[in-house]
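What follows is a short report on a single structure.
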Amino acid sequence: MPAVRERPGPRVHRPPKAPPGRRAGRPPRDLWPYALIAPAIGGMLYLLVYPLVRAVVISLQDFRLRQLISGDAEFVGLRNYRTLLSDPRFWEVTGRTFVFMAVDVVLIMVISTLVALMTERLHRVGRTVVLCSLVLAWAMPVVAATTVFQWLFHSEFGIVNQSLTALGFESFDRYPWFANGTASFTILVLLIVWQSVPFAAVTLYSALTTVPAELYESARLDGASASRVFRSVTFPMLRPIFMLVLSLEVIWTFKAFVQIWVMTRGGPGDATTILPVYAVQTALSSQRYDLGSAASMITVVLMSGVLVLHFRQMFRQEDDPQ
């Protein structure tokens with residue numbers, strides 16, 4: 001009898017088996033790191049990016065007290081920016097901001113470098129005392145430190161006036177420091193420097209501990225002086241950390257607001273008014289939230305421009321062969 005061939009049955013497409021260690025319905029393991037950091041990224045976008053975008057939008061609108069309540073702001077384009085850029089007071093405040101930043105940053109970096117070098121040469125007990133003092137000063141809240149400086153320079157009860165008067169400077173008896181523009185500016189510079197030096201000094205000291213001791217010994221055997229050792233050995237090794245600290249101090253000093261607002265509110269007159277204070281004054285005094293937002297955006301652009309120029313110079317120095 002002829003053989004009867006059986007027809008093959010229809011093929012059944014079975015889903016591929018999940019690889020071992022992964023169950024159906026669970027996301028791939030490659031997505032878990034992104035899922036874990038997603039809440040942090042979402043919070044950062046909401047707390048940082050959204051306010052920035054909102055400020056940009058307000059700076060392009062006619063946004064005053066009525067618009068804040070009703071919410072029917074009208075877009076006016078770059079009119080607010082033109083208003084600011086044509087205001088002589090704005091340019092005066094901008095120049096004062098750069099002077100304030102330059103004086104603070106120079107003093108911070110010089111004092112921090114000297115403190116770091118001194119700390120490295122101390123014995124263990126002295127080094128511990130200095131580092132603990134720096135950390136305690138750095139940990140003091142900004143408002144508390146500002147209040148302390150206010151009492152130090154109080155015209156009637158301040159210890160500064162009493163000490164100067166006791167030393168024979170009778171002109172400082174009940175001297176009103178905060179009624180003088182130059183004196184107020186100087187006190188704020190001292191306050192910002194005092195609050196910023198601990199972080200910079202501790203960071204530079206930590207970097208100093210990574211410099212090999214053999215480099216210092218070789219330089220001393222060659223007869224190099226202390227200044228020559230710093231220029232040829234210490235600073236080249238610390239240049240990346242030094243530039244990083246410098247960039248952070250530029251940012252923090254450029255956007256200083258709390259100290260000035262608590263101590264002088266930009267006064268007397270405009271003697272201590274810098275761009276962040278100017279933006280708040282413009283927004284609160286006349287309810288011109290649009291102009292205040294525009295001033296804030298210009299502050300961000302100027303600060304970014306300073307940092308871009310600084311980083312370009314830093315990268316250029318790193319690329320140049322020594």
Side-chain angles (χ1 to χ4, degrees), residues 43-102 104 141-147 149-150 178-179 181 184-185 187-189 191-192 195-196 250-307:
M44 182 187 67
L45 293 176
Y46 180 76
L47 295 177
L48 298 179
V49 178
Y50 173 75
L52 180 63
V53 174
R54 183 60 177 160
V56 172
V57 173
I58 292 177
S59 68
L60 301 175
Q61 295 176 329
D62 182 9
F63 201 95
R64 310 189 189 195
L65 183 60
R66 185 180 65 84
Q67 286 76 16
L68 178 64
I69 298 174
S70 61
D72 56 346
E74 176 187 358
F75 279 91
V76 294
L78 300 177
R79 189 181 70 184
N80 295 320
Y81 292 94
R82 289 194 295 267
T83 302
L84 283 179
L85 297 178
S86 61
D87 184 6
R89 180 172 177 253
F90 170 79
W91 291 108
E92 180 182 350
V93 171
T94 301
R96 187 182 301 110
T97 303
F98 279 97
V99 172
F100 182 78
M101 179 193 68
D104 279 327
V142 175
V143 177
T146 305
T147 304
F149 266 71
Q150 282 182 306
F178 298 107
S184 300
F185 188 90
I187 293 172
L188 283 170
V189 168
L191 174 60
I192 298 295
Q195 290 179 327
S196 303
V250 168
I251 295 173
W252 292 338
T253 306
F254 204 97
K255 66 182 185 65
F257 169 76
V258 176
Q259 299 91 333
I260 300 175
W261 191 257
V262 172
M263 184 175 290
T264 64
R265 292 186 178 269
D270 280 339
T272 57
T273 300
I274 62 175
L275 281 173
V277 180
Y278 174 82
V280 174
Q281 288 177 344
T282 303
L284 296 182
S285 61
S286 55
Q287 284 80 42
R288 291 301 305 270
Y289 305 107
D290 47 4
L291 291 179
S293 298
S296 299
M297 291 302 100
I298 294 177
T299 303
V300 172
V301 171
L302 291 176
M303 184 171 60
S304 302
V306 172
L307 290 177

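Keep in mind it's a predicted model, so treat the numbers as computed, not measured.
Under the 4.5 Å side-chain criterion, counting only non-hydrogen atoms from C-beta, F100 is in contact with L188.
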Item to complete: Let me see the working for D62 and R64 under side-chain contact (heavy atoms from CB on, under 4.5 Å), right down to the final yes or no.
Response: CA-CA 7 Å; D62 182 9; R64 310 189 189 195; 3.2 Å; yes

*asked:* Could you walk me through whether V93 and L275 satisfy the side-chain contact (heavy atoms from CB on, under 4.5 Å) test, starting with their C-alpha distance in whole Å, then the side-chain angles of each, then the deciding distance to 0.1 Å, before giving a yes or no?
replied: CA-CA 6 Å; V93 171; L275 281 173; 4.1 Å; yes

### Query
Step by step, would you call V57 with F75 a side-chain contact (heavy atoms from CB on, under 4.5 Å)?
CA-CA 9 Å; V57 173; F75 279 91; 4.0 Å; yes

Q. Is there a side-chain contact (heavy atoms from CB on, under 4.5 Å) between T299 and L302 once you walk through the steps?
A. CA-CA 5 Å; T299 303; L302 291 176; 5.9 Å; no

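Taking CE from M263 and CD1 from I187, the interatomic distance works out to 6.5 Å, rounded to the nearest 0.5 Å. Rounded to the nearest 0.5 Å, atoms CG (L85) and CD1 (I298) are 4.5 Å apart. Rounding to the nearest 0.5 Å places CG of D87 at 10.5 Å from CH2 of W91. Y289 OH to Q67 CD: the interatomic distance, rounded to the nearest 0.5 Å, is 10.5 Å. Atom-to-atom distance recorded for M303:CE and M101:CE is 10.5 Å, nearest 0.5 angstrom. We find the OG1-CZ distance between T282 and R288 to be 9.5 Å, quoted to the nearest 0.5 Å.
Judged purely by distance below 3.5 Å, without hydrogens or angles, the side chains of T264 and T272 pair a donor atom with an acceptor atom.
Residue pairs meeting the salt bridge (Lys or Arg N to Asp or Glu O under 4.0 Å) criterion with at least one member in residues 251-277, sequence neighbours excluded, are R89-D270. Among residue pairs with one or both ends in residues 50-70, those qualifying as ring-ring contact (aromatic ring centres under 6.0 Å, His included) are Y46-Y50; sequence neighbours excluded.
Taking every heavy atom of both residues into account, G267 and S184 meet most closely at O-CB, 4.3 Å.
With sequence neighbours excluded, no residue forms a salt bridge (charged side-chain N to carboxylate O under 4.0 Å, His left out) with D104.
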